[in-house]
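Single-structure report; data block below.
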Amino acid sequence: MQKKEYSYQVGGKTLTITHSPLAHQANAAVLAQYGETVVLATVVMTGSDKPLDYLPLKVDYEERFYAAGKIIGSRFVRREGRASDDAILAGRLVDRTIRPLFDYRIRRDIQVVITVLAYDEQNDPDFVGLIAASTALSISDVPWNGPVGGVRVAKIGNELVVNPDNQLWEKAEFETFASGPEGKINMIELAGKEALEEDILKAFDVATQEINKLIEFQKQITAEIGKKKLELDFSGDEIYLNIMKAASSGKLDEAVLKKDKQERSSALNALKEEVIAAAAAKFAEDGLTFEPLVASRLWEDLVDETVHRNILEHDKRPDFRAITEIRPLLAEVSILPRTHGSAIFMRGDTQSLAVTTLAAPGQEQLVETMETTTKRRFMLHYNFPPYSVGEIGNFRGPGRREIGHGTLARKAIEPLLPTPEEFPYTIRVVSEILSSNGSSSMATVCATSLALMDAGVPIKKQVAGIAMGLMSDSKSGKYKVLTDLQGPEDFYGDMDFKVAGTRDGVTAIQLDTKISGLTSDIIRDAMEAAKVARMKILDTLDAAIAKPRPELSKYAPIIRQIQINPEKIGLVIGPGGKMINGLIKKYNLAAIDIEEDGRVSVAGTDLAAVEAAVSEISAMTRDFKVGDIVEGTVIKILDFGAIVDLGGGMDGMIHVSELKNGGFVKSVTDVVKLGDFVRAKVIRVEDGRIALSLKGMI
C-alpha cells in the first residue's frame, strides 16, 4: 500500500500524518498518530446543493472501545451506541474550530468524521482529531479557508506545558484547549482553579505560537498532495441585495433598534416579508427566477450589517444599553418548598431556575467511556425547553447544546465544591432555562452557585459567569467588545466569549466565533471587561445569600461516615448481602455504601437510627487490642467462665480465673449473672477469639 508520512514535533512528542488509499472514496482522508493515539479523519461533500437556509455541516466524533482495549456497553448489547458526553464534547470542539472557516453560503452536505482507532491513555484524542480533520479538509477539494491548529496548554507549577500527559491535568492550576487559524484563536475550552487572567493570557500566547507552527506543517502537506478546491458561484447575490437594500432603506435601523425583544422580532419579521415580497415582484417583472431561500439568507446579511454598523459607528446596541452595561439582575433562593435547595437567577430576559438534590455516595454517576471509567459525585444537568424562546418543539432528551452548556457550568462550579471527606454527599443540580435571551449557560452558573448555598453545600465561594460579545470590521480592524451578550448580538455578532469564576480567579472559559478568529488584543479586552462584569454579578449573588446555610434541608438525607478495616468489609456485607440488607431494614435506612478503602457511609432520614447503625457497624468491625477497656452484657454462663456481648455480633469470654482479684471462685454466678452489664479489659486476641478479664475492674 503506497503511503506518504509527514512528521512534526509538538509538546516534545511526534505527530505523524499519513496519507494512503485508506477510505479512498471520501473526498479526503488521513491518519494521524500522536504517541500511540491514532485517529482517522475523513471528509465527504455531496455534489449538489440542497434547499436549505443554513450550512449543512456535520462533525461526528466516533469513539471505538477497542481503541482502549475495552469491551463495554450494556450487558446485552456489547457495542458502541449513543455517543458519550465526552465524544459529543470532542466533536463540538472540532466543529467550533472549523465551522467559521467555511463559506456560510454553501448548501452542499459536508460531513467530517473523526474515528478514534487507538488510545494510549496518555495523549488526548481531541488534539489528534482536530489536526487530522484540518489536514483532511486542507488537502480535499472541499472549499474551506483553513488550515487550523490547536493545542492543550496547562499551568503546572510555574510552567506552561503544551499537551501534557493526561495524568498531569489534576495537578494543573488550569488547563485549556485553544485553536484557530494562523495568528488567531477562534475556540477555547478552559477549566481552572481560580486562575489569574494574566496567566491565562500567557497560555493563549503559547497556544497561538504552537497553532502557527502546526498550520505551517499542514501547508507543506497541502502543497504536496492537496487537491484543487471546488469553486462555487454566488455572483447572483448582488442582484438580490440591490433590490432588498432599496426596499428596506430607512426602515431597517428602526426595526433593529427596539429595546423590547418581542417588539424587535415582530418589526423585523414584518419588514422581512415586505422586503422579500418586493424582491419577488421585481424578479417577476424582469423575468428572472426568484429563490426565496437566497433572499432569506441575504436578508440576514442586511440585518447583520445594520447591527454591526450601529454598534461600531454609533455605540447603539439593539436594546440601547451602553457597551459595558449589564442588563437588570435578580437573584433569589429557597424558591421551592420541598427541594433540598433552589434558586432563580435572572439577567434581563434570561432566567435559570436551579434545583439541588443531595443523596448518598452510592448515587454517584458511573461514567464509562473509551477514555475513562470513573464515578461522578457532582452532576449538573441543563434543560433548554422550547418555550424558553417562545417556540414549540419536541422533548427528546439533551442534545449537543444542552450537554455542552451543562458541562461548561459544571466545570465552572466544580473547583469550589467540598471534598467527599468534607461533605460525603452525591450532588445533582438541574438548571431549567425558563426564558432565554443570551447566555443561559452563564445564568446556570449563577443559579447553581445560589442553589448549592441554599442547600447548605459548603462551597468555598460564590461563582458567577458572564458572556461577552463582539462587533468587528475586518477591513478597518475596528472592533467593540460587548458586555452581557444578548439575542441579536449573539446571532449577528462575531463571538460568544463566556467567562466564569470567583472574585479571586477564573474557573471556566468557553469561546465560539463566527469570524475566523480573535487577536490577542481582543481576547485581552474581553477578559478585562468580563472580570469587571463578574464582580458586579457576584455582588448580586452575595446579596441573595452570602454563604452556605449552616444546616441542610430537613428533607435531605442524613449521612454519617466511619472508617473500617478494609479486610472487614465482608463482615458488614455478609453472605449474599444478608448483613448489610438486614441493617438497612432494621434501621429503616436509605442506603449503606462501602468504598474499597473501608469508608462506610450510612444514610437515612432519622438521626438516631443512622447513629445506631453506625454504632453497630463500628462494633462489628472494631479491631480489639490487648489493654482495651470494653463494655457489654453477659449473655451466657459456662462452667468455666462467662460470655460477654461486645456488640456488632462480637463477643468475648471471661475465664473463671479472670473473674476477680485473688481467691477461689467456686461458681461463675457468684461473681456475674446472666444479663449483668460489665466493664472488662482485653487480655488476649487470637484467631478472632477475645479473652477478657474483670480483675481490677470491679
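It should be emphasised that the depicted structure is a prediction, and the values quoted were computed from it without experimental measurement. Throughout, residue positions are numbered sequentially from 1 according to the sequence presented.
- Ring geometry, Trp144 versus Phe102: the interplanar angle falls from 30° to 60°, so the pair is classed tilted.
- Inspection of the Ser440 and Tyr382 side chains reveals an N or O donor paired with an N or O acceptor under 3.5 Å.
- The closest donor-acceptor contact from the side chain of Lys3 to the backbone of Leu22 lies at 3.5 Å or more, if one exists at all.
- Contact detail for Val151 and Phe127: the closest heavy-atom pair is CG1-CE1, 4.0 Å.
- The closest donor-acceptor contact from the side chain of Ser436 to the backbone of Val389 lies at 3.5 Å or more, if one exists at all.
- Listed here is the closest heavy atom pair of Ala526 and Met495: CB-CE, 3.9 Å.
- Distance CD1/Ile221 to OG/Ser138: 9.0 Å, rounded to 0.5 Å.
- Considering only residues two or more places apart in sequence or on other chains, Arg376 meets the salt bridge (charged side-chain N to carboxylate O under 4.0 Å, His left out) condition with none of them.
- For Thr16, the side chain to side chain donor-acceptor pair (under 3.5 Å) partners at least two apart in sequence or on another chain are Ser7.
- Side-chain atoms of Ser140 come within 3.5 Å of backbone N or O of Leu137 as a donor-acceptor pair.
- Two residues are said to be in side-chain contact when any heavy atoms from C-beta on lie closer than 4.5 Å; Pro147 and Thr222 fail this criterion.
- For Asp494, the salt bridge (charged side-chain N to carboxylate O under 4.0 Å, His left out) criterion is met by no residue, not counting sequence neighbours.
- Here Glu175 pairs with Arg152 under the salt bridge (charged side-chain N to carboxylate O under 4.0 Å, His left out) rule; sequence neighbours left out.
- Taking 4.5 Å as the limit, some side-chain heavy atom of Leu434 sits within range of a side-chain heavy atom of Tyr387.
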Please set out all donor-acceptor pairs under 3.5 angstrom arising from side-chain atoms of residues 37-50, sequence neighbours excluded.
residue	atom	partner	partner atom	Å
Thr37	OG1	Asp120	N	3.3
Thr37	OG1	Asp120	OD1	2.9
Thr37	OG1	Asn123	O	2.9
Thr46	OG1	Asp109	N	3.1
Asp49	OD1	Arg108	NE	3.4
Lys50	NZ	Asp109	OD2	3.1

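- Salt-bridge check for Arg309 with Asp253: passed, with a basic side-chain N closer than 4.0 Å to an acidic carboxylate O.
- A donor-acceptor pair under 3.5 Å links the side-chain atoms of Arg321 to the main chain of Asp484, judged by distance alone.
- Here Asn212 pairs with Glu182, Thr208 under the side chain to side chain contact (heavy atoms under 4.5 Å, CB included) rule; sequence neighbours left out.
- Side-chain contact between Met468 and Ile466 is present, with heavy atoms from C-beta onward closer than 4.5 Å.
- Taking the side chain as every heavy atom from C-beta outward, Val445 and Ser441 never approach each other to under 4.5 Å.
- Every residue meeting the side chain to side chain contact (heavy atoms under 4.5 Å, CB included) condition with Asp304, not counting sequence neighbours, appears here in chain and number order: His308, Tyr492.
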Table please: side-chain donor-acceptor pairs of residues 272-286 below 3.5 Å, with sequence neighbours left out.
residue	atom	partner	partner atom	Å
Lys272	NZ	Ser296	OG	3.1
Glu274	OE2	Lys251	NZ	2.4

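- When atom types are taken as modelled, the side chain of Arg107 and the backbone of Leu52 share a donor-acceptor pair closer than 3.5 angstrom.
- Screening Lys261, Gln486, Lys259 against Asp319 for a side chain to side chain donor-acceptor pair (under 3.5 Å) leaves a single residue, Gln486.
- Side-chain contact of Tyr479 with Asp525: a donor-acceptor pair under 3.5 Å is present, judged by distance alone.
- Side-chain contact of Ser431 with Ser352: a donor-acceptor pair under 3.5 Å is present, judged by distance alone.
- Side-chain atoms of Arg347 come within 3.5 Å of backbone atoms of Ser439 as a donor-acceptor pair (strictly under, hydrogens ignored).
- Within the structure, salt bridge (Lys or Arg N to Asp or Glu O under 4.0 Å) pairs that include any residue of residues 380-409 comprise Asp60-Arg400 (at least two apart or interchain).
- Residue-environment remark: NE2 (His24) stays at or below the threshold of 12 foreign heavy atoms within 6.0 Å.
- Residues passing the side chain to side chain contact (heavy atoms under 4.5 Å, CB included) test with Asp473 are Leu312, Lys475, Ser476, sequence neighbours excluded.
- A donor and an acceptor atom, one from each side chain of Thr519 and Asp521, are nowhere located under 3.5 Å apart.
- Counting heavy atoms from C-beta outward, Leu232 and Pro143 have side chains that approach closer than 4.5 Å.
- Side-chain contact between Glu63 and Asp86 is present, with heavy atoms from C-beta onward closer than 4.5 Å.
- Distance check, rounded to the nearest 0.5 Å: CD1 of Ile323 to CZ of Arg317 gives 6.0 Å.
- In this structure, CG on Asp237 lies 4.5 Å from CZ on Arg297, to the nearest 0.5 angstrom.
- Applying the ring-ring contact (aromatic ring centres under 6.0 Å, His included) definition to pairs two or more places apart or across chains, none involves residues 254-277.
- Partners of Leu268 by side chain to side chain contact (heavy atoms under 4.5 Å, CB included), not counting sequence neighbours, listed by chain and number: Leu252, Ala255, Val256, Arg264, Trp299, Val303.
- Leu130 places none of its side-chain heavy atoms less than 4.5 Å from the side chain of Asp126.
- Side-chain N or O atoms of Tyr8 include none that pairs as donor or acceptor with a backbone N or O of Ile17 at under 3.5 Å.
- A donor-acceptor distance shorter than 3.5 angstrom exists from the side chain of Gln218 to the backbone of Val148, with no hydrogens or angles considered.
- Among Ile88, Val116, Asp95, the one residue that satisfies the side-chain contact (heavy atoms from CB on, under 4.5 Å) test with Tyr61 is Val116.
- Inter-residue side-chain proximity for Pro56 and Ile110 is flagged as unmet; no heavy-atom pair is nearer than 4.5 Å.
- A donor-acceptor pair under 3.5 Å is absent between the side-chain atoms of Asp512 and the main chain of Asp496, judged by distance alone.
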